[in-house]
Amino acid sequence: MSDTPIDISHDQHAVRRQKLAEMRTAGVDPFRANFATTHFSGDAIKLHVDGQDNAVTVSVAGRLVVIRDMGKSQFVKILDQQGQVQLYVKKDVVGDAAYAAFKKLDLGDILGAKGTLFKTKTGEVTVRVESFTLVSKALRPLPEKWHGLSDAEQVYRQRYLDLIVNAESRARLLMRSRVVSHIRRFLEAQSFVEVETPVLENTAGGAAARPFVTHHNALDVDFFLRIATELRLKRLLVGGFDRVFEIGRIFRNEGVSRRHNPEFTMLEVYQAYSDYRGMMTLIRDLLTSLVREVIKPADGSLKIKHAGSGQDIDFGGEWREVRYKDLIIAATGEAGWFALPKADKVAKAEALGLSIHPTWEEFEITNEIFSKKIEPTLIEPTFVTHLPKELCPLAKLNAEDPTVLDVFELTIGGMEVAPAYSEQNDPDAQRAMFEAQAGEEQQNIDQDFLLALEHGMPPAGGMGVGIDRLCILLTGAESIRDVILFPQLRPGGGAS
RNA sequence: GGGCUGGUAGCUCAAUGGUAGAGCAGUUGCCUUUUAAGCAAUUGGUUCCGGGUUCGAAUCCCGGCCGGCCCA
């Protein structure tokens with residue numbers, strides 16, 4: 001053993017561990033059970049009245065994110081849920097011993113402080129600290145203060161670090177919470193009731209997607225994680241819940257990409273005695289109020305910049321309404337598109353640069369053109385109506401033209417944001433549609449849902465809104481991962 | 001699943017096949033209204049992992065792991 005201690009000055013974790021040990025030896029608790037605050041940072045700052053320095057006392061707490069040490073005084077900043085507030089710590093105010101302890105604090109430590117509000121000569125409202133407490137010691141250093149954390153993998157795997165050092169991430173993810181909260185208040189104000197329906201299902205219905213399968217041990221049966229909430233919510237219409245909604249986690253066992261997370265959040269709304277036209281009004285009112293009251297564009301307009309194209313999306317203008325058929329005709333230049341023989345459709349689609357799977361049916365070829373060539377160009381809010389009947393087995397057929405549906409797909413920013421239907425409430429028509437769709441796999445038909453329809457479901461409008469995609473749009477995010485707190489990544493890798 | 005691309009200090013990034021560096025953070029000093037505070041000095045590396053080529057590999061090749069973008 002040597003008399004000289006090992007030099008740990010290069011190892012920030014070791015340095016902090018040593019400080020921790022010294023505190024414990026001195027009888028100081030580095031991880032306190034509580035700290036009494038009076039205000040969040042932003043609320044505290046608002047209390048200051050110009051020209052009345054040191055008139056208001058506050059107690060605040062947060063993570064130490066900036067330290068500017070000037071010898072016998074320091075300016076530091078702490079971060080809480082509302083943002084940052086600056087603290088001014090003076091040796092001759094707090095006393096020599098406390099000041100020495102303050103100098104031992106590290107960036108990342110969680111600190112509580114009590115003091116009075118004043119305005120510095122550069123105009124920043126600041127807490128003149130009279131007393132302070134280390135609330136929780138941080139044993140690991142924070143990422144770089146200026147560039148923040150930019151390694152995408154670490155941003156997602158250690159989101160807590162991203163939230164501490166990247167203000168845009170914190171703002172964007174808080175915005176998501178406000179969006180969801182606004183949706184709840186908006187719908188409740190119109191007498192919709194929020195319900196919760198099962199995630200574990202015997203049949204995965206209401207959409208076309210591959211489900212996750214899990215196993216219930218006590219019952220010894222497999223369950224599917226739901227791929228939609230539609231069939232449960234419609235049972236509630238039968239039960240007399242006339243206006244229901246669920247903001248629910250949906251699971252689809254499919255690819256992971258910039259636009260897809262295996263679990264995502266869907267709003268589904270059902271309104272008895274309404275129809276798809278009623279849903280148009282509902283979604284337009286909902287989205288414009290969201291932009292106006294939650295996003296609050298700086299210029300006072302209802303315009304949001306589309307991240308992909310840089311184009312403005314104006315929620316305040318007239319929302320375009322266009323028939324699916326007309327979009328297809330315009331995109332292909334074929335007035336008689338729907339009457340073309342399949343071979344001609346394939347040739348034309350391939351000429352447009354699409355690859356067509358040989359087993360596809362004609363409506364699938366047409367829809368490939370819609371989703372690849374048309375949808376991405378629909379940047380401003382657009383209701384696409386009169387979709388072909390093959391596309392939505394749960395919707396009512398149009399009375400005048402039974403080859404199309406009483407539905408719309410609302411497309412904004414080139415993405416499908418909200419499909420809505422006049423809901424099918426004829427049990428026989430619904431059964432026929434299910435049986436045709438299921439083909440060989442009749443056991444996948446949700447018989448209890450059909451039984452419920454036979455008891456009588458009121459006519460209704462229904463709509464699904466992908467909350468994640470909506471948040472991508474509203475926040476100008478580039479990827480679904482940027483609006484999900486903990487997006488799915490392959491296990492392993494990452495932090496150790 | 002396929003194509004392209006990336007992984008270097010705690011973080012953000014450099015480094016013609018030839019001694020692995022900088023800024024921030026850390027450490028030691030100075031500084032009682034700072035704003036990426038400033039000044040001086042200074043520590044810190046399994047270059048993602050495993051093979052290979054080479055006198056010599058962060059760099060070239062092969063395989064793997066984990067990301068990103070595009071496509072399916």
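Values in this document were obtained by computation on a predicted structure and should not be read as measured data. Each chain gets a letter, A, B and so on, in the order the sequences are listed, and its residues count up from 1.
Across every strand in view, U54(B) sits unpaired, with no contact that passes the Watson-Crick or G-U test at under 3.5 angstrom. In this structure C69(B) sits in a base pair with G3(B), meeting the Watson-Crick or G-U test at under 3.5 Å. Nucleotide C13(B) forms a Watson-Crick or G-U wobble pair with G21(B), both donor-acceptor distances falling under 3.5 Å. Judged by Watson-Crick or G-U wobble contacts below 3.5 Å, the nucleotide C30(B) has G38(B) as its partner. The partner of U47(B), taking Watson-Crick or G-U wobble pairs whose two distances both stay under 3.5 Å, does not exist in any strand shown.
The phosphate of A37(B) has OP1 or OP2 within less than 4.0 Å of a side-chain N or O from K145(A). Phosphate contact (OP1/OP2 of U33(B), side-chain N/O of R128(A), threshold under 4.0 Å): absent. Contact annotation: R157(A) reaches the phosphate of G67(B) (side-chain N/O to OP1 or OP2, under 4.0 Å). The phosphate of C69(B) has OP1 or OP2 within less than 4.0 Å of a side-chain N or O from R481(A). For the OP1/OP2 pair of U34(B) and a distance below 4.0 Å, the side-chain nitrogens and oxygens of Q86(A) include no atom meeting the criterion.
Checking U33(B), A37(B), A36(B) against every side-chain atom of W146(A), the shortest atom distance belongs to A36(B). Nearest nucleotide to the side chain of E153(A), out of G67(B), A72(B), A37(B): G67(B). Taking the side chain of H10(A) as heavy atoms from C-beta on, and the options G44(B), C11(B), C69(B), the nearest nucleotide is G44(B). Candidate nucleotides C11(B), U33(B), U12(B) were compared by shortest atom distance to the side chain of D151(A), and U12(B) ranks first. For V15(A), the listed nucleotide lying nearest its side chain is U27(B); candidates were U12(B), G10(B), U27(B). Looking at the side chain of D92(A), the nearest of the listed nucleotides U32(B), U33(B), G68(B) is U32(B).
Interface remark: the S150(A) side chain does not form any donor-acceptor pair with the U12(B) base, using a distance-only criterion of under 3.5 Å. Under 3.5 Å, the side chain of E144(A) and the base of A25(B) form no donor-acceptor pair of N or O atoms. Side-chain atoms of E124(A) and base atoms of U34(B) include no donor and acceptor less than 3.5 Å apart.
Atom pair D482(A):CG and C69(B):P shows a separation of 9 Å (rounding to whole Å applied). Here U27(B) presents its C1' atom at 14 Å from NZ of K103(A), a figure rounded to the nearest Å. As rounded to whole Å, 9 Å separates atom C1' of G10(B) from atom CZ of R140(A). Summarising the geometry, the separation between NE2 on H13(A) and P on U27(B) is reported as 14 Å, rounded to the nearest angstrom. Between R68(A) atom CZ and U32(B) atom C1' the separation is 15 Å, expressed in whole Å. Nucleotide C24(B) holds its P atom 20 Å from the CG atom of N166(A), rounded to whole Å. Note: CZ (R258(A)) to C1' (G67(B)) measures 15 Å, nearest angstrom. Between the CG atom of L149(A) and the P atom of G67(B) there is a distance of 16 Å, given to the nearest Å.
For the atom pair CZ (R159(A)) and CZ (F486(A)), the distance works out to 7.5 Å, reported to the nearest 0.5 Å. In this structure, CG on D314(A) lies 6.0 Å from CD on E380(A), to the nearest 0.5 angstrom.
If you check every strand for non-hydrogen atoms under 4.0 Å, V165(A) touches nothing. When heavy atoms are screened at a 4.0 angstrom cut-off, L489(A) is found touching the sugar-phosphate backbone but no base atom. If you check every strand for non-hydrogen atoms under 4.0 Å, K104(A) touches nothing. No engagement by G255(A) is indicated, since no non-hydrogen atom pair under 4.0 Å with the nucleic acid exists.
Taking a cutoff of 4.0 Å between a charged side-chain nitrogen and a carboxylate oxygen, R210(A) and E254(A) do not qualify as a salt bridge. We find that K119(A) and D50(A) are joined by a salt bridge, their nearest charged nitrogen and carboxylate oxygen being less than 4.0 Å apart. Salt bridge absent: D29(A) and R32(A) never bring a charged side-chain N and a carboxylate O closer than 4.0 Å. One finds no salt bridge joining E361(A) and K342(A) here, because no Lys/Arg side-chain nitrogen approaches an Asp/Glu carboxylate oxygen to under 4.0 Å.
Taking the side chain as every heavy atom from C-beta outward, V58(A) and L117(A) approach each other to under 4.5 Å.
The separation of U19(B) from G56(B), taken at their P atoms, amounts to 15 Å, rounded to a whole angstrom. Atom name P, nucleotides C24(B) and C48(B): the rounded distance is 25 Å, in whole Å. For C60(B) and U53(B), the C1' atoms lie 8 Å apart once the distance is rounded to whole Å. Here, G26(B) and C49(B) have their P atoms 28 Å apart, quoted to the whole Å. Taking atom P on both nucleotides, A9(B) is separated from U46(B) by 8 Å, rounded to a whole Å. Taking the C1' atom of each, G18(B) and G2(B) are spaced 38 Å apart, rounded to whole Å. Taking atom C1' in both G45(B) and A36(B), one finds a spacing of 26 Å when rounded to whole Å. Look at the P atom in both U8(B) and G67(B): the space between them is 15 Å, to the nearest Å.
The residue among R16(A) and T120(A) whose nearest nucleotide of RNA chain B lies closer to the 5′ end is R16(A). Residue Q154(A) is the one, among F118(A) and Q154(A), whose nearest nucleotide of RNA chain B lies closer to the 5' end (criterion: closest heavy atom).
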Take F223(A) and E201(A), measure what side chain to side chain contact (heavy atoms under 4.5 Å, CB included) needs, and give me the verdict at the end.
CA-CA 6 Å; F223(A) 281 114; E201(A) 295 269 34; 5.9 Å; no

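Closest non-hydrogen pair, G108(A) versus A138(A), comes out as O-CB, 3.2 Å.
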